[in-house]
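Accompanying notes for the structure given below.
FYI, side chains are in, hydrogens and waters are out, and symmetry mates aren't considered; it's all heavy atoms of this structure. Lettering follows sequence order; numbering is per chain, from 1.
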Number of protein chains: 2
Amino acid sequence: MATAERKGPVSVVIVDDHAMFRRGVRAELESAGRGQVAILAEAADVDEAIAAVGEHRPDVVLLDVHLPGGGGAEVMRRVTAGGGAPETRYLALSVSDAAEDVIGTIRGGARGYVTKTITGPELVQAIGRVAEGDAVFSPRLAGFVLDAFSGSIDVAAVDEDLDRLTEREREVMRLIARGYAYKEVAKELFISIKTVETHMSSVLRKLQLSSRHELTRWASDRRLL
Amino acid sequence: MATAERKGPVSVVIVDDHAMFRRGVRAELESAGRGQVAILAEAADVDEAIAAVGEHRPDVVLLDVHLPGGGGAEVMRRVTAGGGAPETRYLALSVSDAAEDVIGTIRGGARGYVTKTITGPELVQAIGRVAEGDAVFSPRLAGFVLDAFSGSIDVAAVDEDLDRLTEREREVMRLIARGYAYKEVAKELFISIKTVETHMSSVLRKLQLSSRHELTRWASDRRLL
DNA sequence: TCGAGGATCAGGGGCGTCCCCGATGGTTCG
DNA sequence: CGAACCATCGGGGACGCCCCTGATCCTCGA
């Protein structure tokens, strides 16, 4: 935890495509965050958000993940690419607790991620901590965020794994991932069921998976279908 | 369209599990709906909603679709089953524009369905029209709602099939479609493997499918994951 | 009150999945 | 040539998937 020393109020820009949600956040911050939070601007889409951040250079941007024009990650990418507001922190505020949303947003540069079930006082506290450089996550998200960044899949590692498959193994893998039974794969490739089993065994071992269902998800995650 | 004659303000109960969103709606209705809308109560889950509707008997219930305790449809079902507030109209207010959410909510008895992208003045107007008996839908939803109720093969057929599943069968179906093994489903739902097998048997028979792989494709085609 | 249907569970069987063990022939490379 | 790797196949086994029959308990409506 950083120290609680602060000079003045934390300046904030609210980015969300729902006007009513912005209004609710504003109302909560103005009552629960009395004197601690100053709302500089609101934005309803990616372009507005970029303009608002560039103009006001807030301490913290409250950023909705699902946003017309490319999503919250797009905002962070384009602001930092434009060299603007390097000291600004981003706190994602989303209804979604899906792993891909969370990880994608953190990869994009957010310093925290809380769900919209948060209460006003908790949000004020989260904003304060993010402004001071802490990372803030909803309790339910904290666990798997750490998992994802402490030794799980890397994009580079994916291609290495794929390269270690032989041509025949890749053919079998594709068909299995599409839901073919071993018997059907065998007929399709004019080989025996036993050969299919052997290839599948190698595929699962090389990709460190344990079932055809995991393989299906693995392949669809990487759009290999 | 009904006439615009009204004696006094329309009484409203707001149901949504996000306190901040309720606050935003309240703020919008109190400024944009000045004198036309009277907010009687708020509720954050199914039980609170039922109690609030029974106690206040509002003209209109603003009802979130995704709600802890069974969802908005559950609120309408239990209020009408309890004989309470027959003259109360329900207006669904949701982030989701998924077909199953919309159709399920309308089937549950809602007189309208608008997304949370709506503005304050539009919401005030929608509440007024629902109170007078009109049906109100966001422009984007209107088209396919009409389709679904005028003999569309696609959505209607899906929904019929889905309707024939019991609640428990749908739970099992969702987990299986996500790749859970029977054993895992059993642990998740605190029932025996044999019961899972029974439910799956019913699911496959009712949906005229023959394996969990077909079920996975069926579900993903209809975005039920 | 009786039947229908839903949720729960058991046993047994056929087949699919995935693993272990093994084997043969083919290639490439040092 | 031998080592390494690949593709091909087999036996056997443990376990998962899916079906069938049959059962109990409960709730709801005719």
Side-chain angles (χ1 to χ4, degrees), chain A residues 160-220 225, chain B residues 70-71 73-74 76-84 104 107-108 160-220 225:
Chain A
E160 278 180 28
D161 283 344
L162 247 189
D163 281 349
R164 286 158 59 192
L165 297 185
T166 67
E167 186 53 40
R168 205 57 162 165
E169 284 164 357
R170 269 194 289 270
E171 287 184 77
V172 171
M173 186 267 289
R174 269 190 286 268
L175 293 175
I176 292 294
R178 286 187 200 175
Y180 282 58
Y182 287 3
K183 188 190 297 183
E184 295 166 336
V185 176
K187 193 172 296 178
E188 188 78 17
L189 300 181
F190 303 104
I191 56 182
S192 91
I193 292 178
K194 276 303 187 178
T195 307
V196 176
E197 291 185 10
T198 302
H199 289 318
M200 255 303 276
S201 217
S202 305
V203 168
L204 293 178
R205 180 173 38 77
K206 289 180 179 178
L207 300 182
Q208 295 179 301
L209 302 173
S210 64
S211 75
R212 63 173 303 144
H213 311 303
E214 290 182 14
L215 177 61
T216 301
R217 305 191 79 176
W218 186 90
S220 73
L225 302 183
Chain B
E74 178 74 5
M76 295 184 283
R77 201 185 63 73
R78 282 170 55 188
V79 168
T80 55
R107 284 240 163 99
E160 274 179 31
D161 284 344
L162 254 186
D163 276 352
R164 286 159 57 193
L165 298 184
T166 67
E167 185 53 40
R168 206 57 162 164
E169 285 164 358
R170 270 192 289 270
E171 288 184 75
V172 171
M173 185 267 289
R174 270 190 284 269
L175 293 174
I176 293 293
R178 284 186 199 175
Y180 282 56
Y182 287 5
K183 188 191 296 183
E184 294 167 336
V185 175
K187 192 172 296 178
E188 187 79 18
L189 299 181
F190 302 104
I191 56 182
S192 89
I193 293 178
K194 280 301 187 178
T195 307
V196 176
E197 292 185 4
T198 302
H199 289 317
M200 254 303 275
S201 219
S202 305
V203 169
L204 293 179
R205 180 172 37 76
K206 288 180 180 179
L207 300 182
Q208 296 180 299
L209 302 172
S210 65
S211 76
R212 63 175 303 144
H213 311 304
E214 291 182 14
L215 178 62
T216 300
R217 306 191 79 175
W218 186 90
S220 73
L225 302 183

Over how many whole Å does the gap from [X] atom [atom1] to [N] atom [atom2] extend?
X: A:Leu165; N: D:dC5; atom1: CG; atom2: P; answer: 15 Å
X: B:Leu204; N: D:dC17; atom1: CG; atom2: C1'; answer: 10 Å
X: B:Arg205; N: D:dC19; atom1: CZ; atom2: C1'; answer: 11 Å
X: A:Tyr182; N: C:dG14; atom1: OH; atom2: C1'; answer: 18 Å
X: A:Glu197; N: C:dC15; atom1: CD; atom2: C1'; answer: 12 Å
X: B:Ile193; N: D:dC19; atom1: CD1; atom2: C1'; answer: 16 Å
X: B:Arg168; N: C:dT8; atom1: CZ; atom2: C1'; answer: 10 Å
X: B:Met200; N: C:dC9; atom1: CE; atom2: P; answer: 17 Å

So does [X] get a side-chain nitrogen or oxygen closer than 4.0 Å to the phosphate oxygens (OP1/OP2) of [N]?
X: A:Ser201; N: C:dC19; result: yes
X: B:Thr166; N: C:dG5; result: no
X: A:Thr198; N: D:dA7; result: no
X: A:Thr195; N: D:dA7; result: no
X: A:Ser192; N: D:dG10; result: yes

Can a donor-acceptor pair under 3.5 Å be found between the side-chain atoms of A:Glu167 and the base atoms of D:dC6? no

C:dG11 base to B:Lys194 side chain: any donor-acceptor pair below 3.5 Å? yes

[X] bridged to [Y] by N-O distance under 4.0 Å:
X: A:Glu197; Y: A:Lys194; value: yes
X: B:Glu74; Y: B:Arg77; value: yes
X: B:Glu171; Y: B:Arg168; value: yes

Given [options], identify the nucleotide with an atom nearest to the side chain of [X].
X: B:Ile191; options: D:dG16, D:dA7, C:dT8; value: C:dT8
X: B:Ala181; options: D:dC9, C:dT17, D:dC17; value: D:dC17
X: A:His199; options: D:dC17, C:dC19, D:dT8; value: D:dT8
X: B:Arg212; options: C:dC9, D:dC17, D:dA7; value: D:dC17

Is it the case that the side chain of A:Glu188 and the backbone of A:Val185 share a donor-acceptor pair, with hydrogens and angles ignored and the cut-off at 3.5 Å? no

Within the side chain of A:Thr195, is there an N or O that forms a donor-acceptor pair under 3.5 Å with the backbone of A:Ile191? no

